[in-house]
Structures are given as structure tokens and as C-alpha cells.
Undergrad: 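Please see the structure below; I have some questions.
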Amino acid sequence: MMAKKPPKPAPRRIFQERLKITALPLYFEGFLLVKRSDYQEYKHYWTELRGTTLFFYTDKKSTIYVGKLDIIDLVCLTDQNSPEKSCAKFTLVLPKEEVQLKTENTESGEEWRGFILTVTELSVPQHVSLLPGQVIRLHEVLEREKKRRLETEPPPIMPAEKEKEPVQDDVVAPDLMPACFYAVSRKEATEMLEKNPSLGNMILRPGSDSKNFSITIRQEIEMPRIKHYKVMSTGKNYTIELEKPVTLPNLFSVIDYFVKETRGNLRPFIYSTDDNFGQEPNTEERSEKLKKNPHKA
């Protein structure tokens, strides 16, 4: 029978040994049942969430992990109905695989969902059932993760004072972007789609680094769902990170691909020039925002 009490953290000696393997900060830990795409059934692991990576150990005392999973590009987290009322089941949808997770009890399930969404979306989720103290921990982890990412991001290269150089072929000028491009974060893109569904349901935005992009979409099938897709700059082309990656010559083709593949169910999100929203971004404003606002996930 599964234990209902939250597991105690690994002994300090084990913790120190694991620090020799990775310097990523430990945010949460506990037992998880994990089923990856190449697994026939669930496997029981002691799991650590460090940064945006899940490390899997055979048991609490192991010092060497047997597997790990980078979840920084999480597309979405979906709940699954479980006949076992004492546990929680959900799926991590990633660009190249879907991973099923099952927790020992519903409370730890809510905690895992909360911590995973906090570090991947860089915001504390509002739809998890947690106690005030647990929510405080999420906010603390959020600040630690934001600081960690700032410290690990490469510093911007400041050009020397010289004659203005021509734009390189692989750099996309702001005024050559699709109309549904906005220099916003993942959270801001989600809010834009949720507040203005009539304007479209697909936004192109900066990625988590200086040269890649992300697509945020909102689909209403049984219920509204937000998904994010990474668009990688590969030389002069762009690759959409799907289960079978798709490479296209430019960002306009990327938008067209999503529209055609969904038979028009996905529409570029474009502010109407006839309506006054108080934040309508014209080309000049969007260009200026791009210069001042660094790319962020």
C-alpha cells in the first residue's frame, strides 16, 4: 500500500554526493511513478526537481541518477482521470515525447504540479490546491529560478562604435516579422489569448534565448487549452520542435504551417486597427519594444 505521509528528504550525506553530479538547485523531491515512451509500465523512482530538470534515482539513498528529463520546453501539463482515488496522474507533454507521472497521494500530486508549472512557466499557477505555506514555497522557488536563469544567460554583446553594419541574413528585423509577433513572455501571451479570443488564437513570441522563438496557441476542443511550441533558428531556416520536426524557410511559413495543418482552426492573433485597446502595438512601437525588451520564455 502506498504511503500517505510526505516522504522525508534524502540524508544530508546523500544530498552532498548528488551535488557533485549537478550544481542545479533542488526545489522539490519525492517518490514518483514514471512512464516514458519507451517504458512498458510505470517505474518507481525517487525524483528530484533541480532547476528545470527531473533526476530519477532507484531509491532515496542512491547517489547516481539512472535517468533525467529536461522539462524547460514543457508544452503543457494535462491531468488524467485515475480509478485510484488515493493517487494523482498527469502527463507532461514535451516537444518530442509525452511522459506520464503518478504520485503516491493526491496532495503530493498537487505539489508536483505546482513546482513543475512554476519553474517552466516562471509564474505560480493559480489552479492548484495547496496550503498557504506551500504557496509561499512556490513563490520562493520562482524567485530562485528567475535569478538562476539570469545568472546562466550569456551577457549581451555590445557592439563597438563603428559604422552601421548591414543586417545579417540570419537576423530577422522587427519590421519583417509576421503580424502576430509580440515581444511578450509566455505568461503575457497566454493572458492576451485568454482575454481577446476574437482577435485570434496564435501568437509568435521570443524564445528563452536571443535567437529562437516560440508559438503560443489557445485551442477550444472540450475545454480551452494553452500550448507552447519551440521554433528553433537553424541557419537560414526555422525548425518547429514537434514529434517529427518540421523545417521551414521563414517565420511567415511557420505561421502558415500551423494555419494549414489545423485547417484554419488556428488564426494569427492580430490587434484590430479599428478598436482601441489602449495597448495596440504598431510597427514602430513593436520595433522599439524589441530593442528594449530582452528575449524571454
Side-chain angles (χ1 to χ4, degrees), residues 4 6 27-35 47-49 51-54 69-95 97-146 149 182 184-203 205 208 214-230 266 269 296-297:
K4 293 188 177 181
Y27 295 148
F28 192 64
E29 60 184 338
F31 285 111
L32 272 182
L33 287 161
V34 182
K35 188 176 182 182
T47 308
E48 292 183 337
L49 173 61
T52 54
T53 303
L54 294 172
L69 179 67
D70 187 356
I71 58 173
I72 192 171
D73 295 324
L74 181 71
V75 175
C76 65
L77 185 154
T78 59
D79 292 313
Q80 295 183 33
N81 292 325
S82 174
E84 306 170 63
K85 294 183 179 180
S86 61
C87 72
K89 293 176 65 177
F90 50 90
T91 300
L92 302 181
V93 181
L94 299 164
E97 71 170 315
E98 294 188 5
V99 181
Q100 297 179 46
L101 302 179
K102 184 160 62 172
T103 63
E104 295 188 315
N105 53 68
T106 54
E107 182 181 349
S108 65
E110 286 297 288
E111 286 188 288
W112 275 110
R113 290 173 70 251
F115 280 96
I116 288 172
L117 291 173
T118 295
V119 299
T120 54
E121 297 186 352
L122 288 183
S123 64
V124 174
Q126 303 298 315
H127 53 280
V128 289
S129 301
L130 296 174
L131 297 172
Q134 294 169 323
V135 175
I136 291 174
R137 286 183 61 197
L138 291 184
H139 282 283
E140 291 172 348
V141 164
L142 174 61
E143 294 308 311
R144 290 174 64 191
E145 179 61 14
K146 286 181 177 179
R149 293 203 194 182
Y182 300 94
V184 295
S185 67
R186 172 190 286 215
K187 182 179 180 181
E188 290 168 334
T190 299
E191 291 175 349
M192 290 167 67
L193 295 178
E194 290 177 339
K195 292 178 180 178
N196 305 285
S198 63
L199 301 183
N201 53 7
M202 175 171 51
I203 285 177
R205 59 183 176 80
S208 57
S214 290
I215 295 278
T216 295
I217 67 170
R218 182 179 186 269
Q219 287 182 302
E220 293 191 32
I221 304 173
E222 296 180 354
M223 58 182 295
R225 289 179 60 185
I226 296 290
K227 291 187 177 181
H228 309 274
Y229 297 92
K230 198 161 191 176
L266 288 180
F269 182 95
K296 50 186 177 180

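Nothing here was measured: the structure is a model prediction, and the numbers come from that model.
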Undergrad: Nearest 0.5 angstrom please: Phe269 CZ to Asn196 CG, how far?
TA: 4.5 Å

Undergrad: Determine whether Ile116 and Leu101 make a side-chain contact, defined as any pair of heavy atoms from C-beta on separated by less than 4.5 Å.
TA: yes

Undergrad: Which residues satisfy the side-chain contact (heavy atoms from CB on, under 4.5 Å) test with Thr53, sequence neighbours excluded?
TA: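 Applying side-chain contact (heavy atoms from CB on, under 4.5 Å) to Thr53 gives Leu24, Phe55, Lys68, Asp70.
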
Undergrad: According to the ring pair (Phe, Tyr, Trp, His ring centres under 6.0 Å) rule, which pairs have a member within residues 98-140, sequence neighbours left out?
TA: Phe28-Trp112, Phe28-Phe115

Undergrad: State, yes or no, whether a side-chain contact exists between Arg137 and Glu111 at a heavy-atom distance under 4.5 Å.
TA: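 In short, these two side chains touch, coming nearer than 4.5 Å.
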
Undergrad: Would you please test Met192 and Val184 for side chain to side chain contact (heavy atoms under 4.5 Å, CB included) and show each step?
TA: CA-CA 10 Å; Met192 290 167 67; Val184 295; 4.0 Å; yes

Undergrad: Which residues satisfy the side-chain contact (heavy atoms from CB on, under 4.5 Å) test with Thr91, sequence neighbours excluded?
TA: Thr78, Gln80, Val93, Glu98, Gln100

Undergrad: State the CD1-CG distance between Ile136 and Leu131, to the nearest 0.5 angstrom.
TA: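 Here the interatomic distance stands at 10.5 Å.
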
Undergrad: Report yes if the side chains of Ile72 and Arg149 come closer than 4.5 Å at any heavy-atom pair, otherwise no.
TA: yes

Undergrad: Pair Lys89, Lys35 - check side chain to side chain contact (heavy atoms under 4.5 Å, CB included), show working.
TA: CA-CA 11 Å; Lys89 293 176 65 177; Lys35 188 176 182 182; over 6 Å; no

Undergrad: Using only atom types and a distance under 3.5 Å, with no angle test, would you say the side chain of Glu121 pairs donor to acceptor with the backbone of Thr118?
TA: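 No; judged by distance alone, with no hydrogens or angles, the pair does not exist.
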
Undergrad: Mind checking what makes side-chain contact (heavy atoms from CB on, under 4.5 Å) contact with Glu97, not counting sequence neighbours?
TA: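 Glu97 satisfies side-chain contact (heavy atoms from CB on, under 4.5 Å) with Arg36, Ser37, Leu69, Leu94, Val99 only.
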
Undergrad: With no hydrogens and no angle check, do the side chains of Thr216 and Arg186 hold a donor and an acceptor under 3.5 Å apart?
TA: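 No, no side-chain donor-acceptor pair sits under 3.5 Å.
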
Undergrad: On a heavy-atom basis, which atom in Arg225 and which in Cys76 lie closest, and how many Å separate them?
TA: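 So the minimum-distance heavy-atom pair works out to NH2-SG, 3.6 Å.
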
Undergrad: For Tyr27, check side chain to side chain donor-acceptor pair (under 3.5 Å) against everything at least two apart and list the hits.
TA: Glu145

Undergrad: How would you list, by chain and number, every residue that makes a side-chain contact (heavy atoms from CB on, under 4.5 Å) with Pro197, sequence neighbours excluded?
TA: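 So Pro197 forms a side-chain contact (heavy atoms from CB on, under 4.5 Å) with Arg218.
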
Undergrad: Does any part of the side chain of His228, heavy atoms only, come nearer than 4.5 Å to the side chain of Thr190, both counted from C-beta?
TA: yes

Undergrad: Nearest 0.5 Å please: distance from the OG atom of Ser123 over to the NZ atom of Lys146.
TA: 8.0 Å

Undergrad: Kindly give the heavy-atom pair with the smallest separation between Val119 and Leu122, and that separation in Å.
TA: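 What the structure gives for the nearest pair is O-CD2, 4.0 Å.
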
Undergrad: Carefully, step by step, assess Leu92 and Leu54 under the rule side chain to side chain contact (heavy atoms under 4.5 Å, CB included).
TA: CA-CA 12 Å; Leu92 302 181; Leu54 294 172; 4.1 Å; yes

Undergrad: Judged by atom type as modelled, is there a donor-acceptor pair below 3.5 Å linking the side chain of Glu194 to the main-chain atoms of Glu191?
TA: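 No, because the side chain of Glu194 does not come within donor-acceptor range (under 3.5 Å) of the backbone of Glu191.
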
Undergrad: Can you tell if the side chain of Thr47 reaches within under 4.5 Å of the side chain of Glu29, non-hydrogen atoms only?
TA: no

Undergrad: Between Ala88 and Thr106, what is the shortest heavy-atom contact and its length?
TA: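 That closest heavy-atom pairing would be CB-CA, 4.3 Å.
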
Undergrad: On a heavy-atom basis, which atom in Ile203 and which in Tyr182 lie closest, and how many Å separate them?
TA: CG2-CD1, 4.1 Å

Undergrad: Roughly how far apart are Leu49 CG and Ile71 CD1, rounded to 0.5 Å?
TA: 5.5 Å

Undergrad: How long is the span from the CD1 atom in Ile217 to the CG atom in Leu266, to the nearest 0.5 Å?
TA: 5.0 Å

Undergrad: Do NZ/NE/NH1/NH2 and the carboxylate oxygens of Arg113 and Glu110 come within less than 4.0 Å?
TA: yes

Undergrad: Please round to the nearest 0.5 Å and tell me the distance separating atom CG of Leu74 and atom CG of Leu117.
TA: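 It comes to 7.0 Å.
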
